[in-house]
2 protein chains.
Amino acid sequence: MNNLLKNKKISETPFRLEVLSIFNNYKNAIPLSVIEKDLKSYNRITLYRTIKVFLGKGIIHEITISGEDSNYAICEEDCGTNTHTHNHNHIHFKCNNCGIITCVELEKYPKISLPNYKINQLEIQASGVCSTCNQ
Amino acid sequence: MNNLLKNKKISETPFRLEVLSIFNNYKNAIPLSVIEKDLKSYNRITLYRTIKVFLGKGIIHEITISGEDSNYAICEEDCGTNTHTHNHNHIHFKCNNCGIITCVELEKYPKISLPNYKINQLEIQASGVCSTCNQ
DNA sequence: TAATTAATGCAACACCGTTGTAATAAATTA
DNA sequence: TAATTTATTACAACGGTGTTGCATTAATTA
């Protein structure tokens with residue numbers, strides 16, 4: 001995890017390391033605005049490009065929920081190296097109370113079969129009240 | 001379906017009727033670009049506002065898939081009157097071959113339970129090859 | 001350390017969606 | 001149906017978001 005960038009064969013720069021460390025400071029998914037806020041010195045364009053590179057290398061994945069800003073979260077070890085082969089065993093949960101979006105692991109991931117369809121990938125987004133707020 | 005607008009208690013205007021008829025011409029979800037293309041005379045701003053009103057009244061729903069333009073599809077009869085209570089028994093399927101996004105009904109919709117979580121809503125997005133292309 | 005390759009950041013731009021407002025059309029009331 | 005009220009349309013203008021070209025600077029390689 002410390003030499004993640006070198007493993008992914010991209011240059012290790014202070015900016016990228018700082019973005020990575022911000023991701024690691026949160027257990028949940030975060031939007032660009034959080035990254036911008038946390039960066040010591042931040043350049044809009046460099047951040048966009050960094051996010052694109054991280055997405056392309058499978059370092060992070062994007063969570064797109066209707067009506068929300070895009071959120072980003074660190075990928076698990078076994079994620080693919082690009083967005084198409086990217087695969088995970090978790091769902092994306094949006095808490096309507098605290099607003100936080102998290103990746104939640106499922107023991108048994110639902111299977112869906114549609115006659116005549118070939119299903120390659122499932123993305124499941126749930127919303128409700130998270131375990132922290134639900135007390 | 002013909003007096004949909006009046007049922008929803010919004011004014012019936014030529015523009016809105018034309019947008020509605022475009023939705024009815026497609027069995028699948030469509031992005032704004034398709035609506036723009038099909039409108040005889042189209043005003044960008046009015047279209048945005050029309051879509052917003054349709055969304056708010058539960059006439060259409062938005063399908064947001066990572067990396068795609070937003071798509072819109074006519075809601076079923078039993079959809080709620082706003083986006084929050086909006087509920088459906090279908091998943092959103094993106095065909096990687098033809099690119100078309102459809103709402104596909106499921107006989108048995110998967111249930112997901114997470115310890116300590118309260119799940120109000122599920123949005124399921126699948127991708128692969130649709131029944132038309134898969135032949 | 002020198003040469004090569006890649007990342008950064010500035011300027012400038014295009015696109016997307018929104019807002020204020022005047023004109024116009026639809027709905028309501030008498 | 002005509003007059004009034006209410007809502008919609010469309011123009012002008014704007015702000016935000018994401019992108020590209022390019023010169024500078026930093027990281028990697030030999």
Side-chain angles (χ1 to χ4, degrees), chain A residues 2-23 29-72 81-83 101, chain B residues 2-23 29-72 81-83 101:
Chain A
N2 223 355
N3 42 13
L4 178 57
L5 297 178
K6 286 189 169 163
N7 289 346
K8 296 287 185 176
K9 299 203 169 52
I10 58 172
S11 301
E12 197 170 63
T13 68
F15 191 94
R16 287 174 177 169
L17 288 171
E18 200 185 351
V19 172
L20 269 191
S21 85
I22 291 171
F23 274 112
I30 50 176
L32 284 187
S33 57
V34 166
I35 305 176
E36 292 168 11
K37 176 179 62 61
D38 285 9
L39 279 169
K40 288 197 304 286
S41 86
Y42 118 88
N43 179 276
R44 208 168 69 85
I45 293 138
T46 305
L47 180 53
Y48 281 128
R49 288 205 254 233
T50 301
I51 293 297
K52 272 201 150 184
V53 169
F54 283 10
L55 285 171
K57 292 289 178 179
I59 295 170
I60 58 174
H61 63 275
E62 190 177 28
I63 303 167
T64 312
I65 296 183
S66 232
E68 305 281 324
D69 286 346
S70 280
N71 277 60
Y72 303 91
T81 47
N82 65 60
T83 41
I101 293 171
Chain B
N2 223 356
N3 42 11
L4 179 55
L5 297 178
K6 287 190 169 161
N7 289 346
K8 296 287 182 175
K9 299 203 167 51
I10 58 172
S11 301
E12 197 170 64
T13 68
F15 191 93
R16 286 174 178 169
L17 287 170
E18 199 186 352
V19 172
L20 268 191
S21 86
I22 291 171
F23 274 112
I30 50 176
L32 284 186
S33 58
V34 166
I35 305 176
E36 292 168 11
K37 177 178 63 59
D38 286 8
L39 279 169
K40 289 198 302 288
S41 87
Y42 115 86
N43 177 276
R44 210 168 68 84
I45 294 140
T46 305
L47 180 53
Y48 280 128
R49 290 207 250 233
T50 300
I51 293 296
K52 273 200 149 184
V53 169
F54 282 11
L55 285 172
K57 292 288 178 179
I59 294 170
I60 58 175
H61 63 275
E62 188 176 28
I63 303 167
T64 311
I65 295 182
S66 230
E68 305 281 323
D69 286 347
S70 280
N71 277 60
Y72 302 92
T81 46
N82 65 60
T83 40
I101 293 170

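On a predicted model such as this, the values are computed, not experimentally measured, just so you know. Lettering of chains follows the sequences in order, A, B, ..., and the numbering in each one begins at 1.
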[atom1]/[X] to [atom2]/[Y] distance, rounded to the nearest 0.5 angstrom?
| X | Y | atom1 | atom2 | answer |
| --- | --- | --- | --- | --- |
| R16(B) | I10(B) | CZ | CD1 | 4.5 Å |
| F15(A) | R49(A) | CZ | CZ | 11.0 Å |
| N3(B) | K8(B) | CG | NZ | 12.0 Å |

Quiz item: Can you find an N or O donor on one side and an acceptor on the other, under 3.5 Å apart, linking the side chain of R44(A) with the base of dG9(C)?
Solution: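 Looking at the base of dG9(C), it does not pair with any donor or acceptor on the side chain of R44(A) (distance under 3.5 Å).
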Can you tell me which nucleotide in [options] comes closest to the side chain of [X]?
| X | options | value |
| --- | --- | --- |
| L32(A) | dG18(D), dT20(D), dT9(D) | dG18(D) |
| R16(A) | dA27(D), dT8(C), dA10(D) | dT8(C) |
| R49(A) | dC22(D), dG18(D), dG17(C) | dC22(D) |
| Y48(B) | dT18(C), dA27(C), dG9(C) | dT18(C) |
| I45(A) | dG9(C), dA10(D), dT8(D) | dG9(C) |
| S11(A) | dT21(C), dA27(C), dA7(C) | dA7(C) |

Exercise. Verify, without hydrogens or angle tests, whether E12(B) (side chain) and L17(B) (backbone) share a donor-acceptor contact under 3.5 angstrom.
Key: no
Quiz item: Does dT18(C) have OP1 or OP2 sitting under 4.0 Å from an N or O in the side chain of K52(B)?
Solution: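 Answer yes for this pair, as a side-chain N or O of K52(B) is under 4.0 Å from OP1 or OP2.
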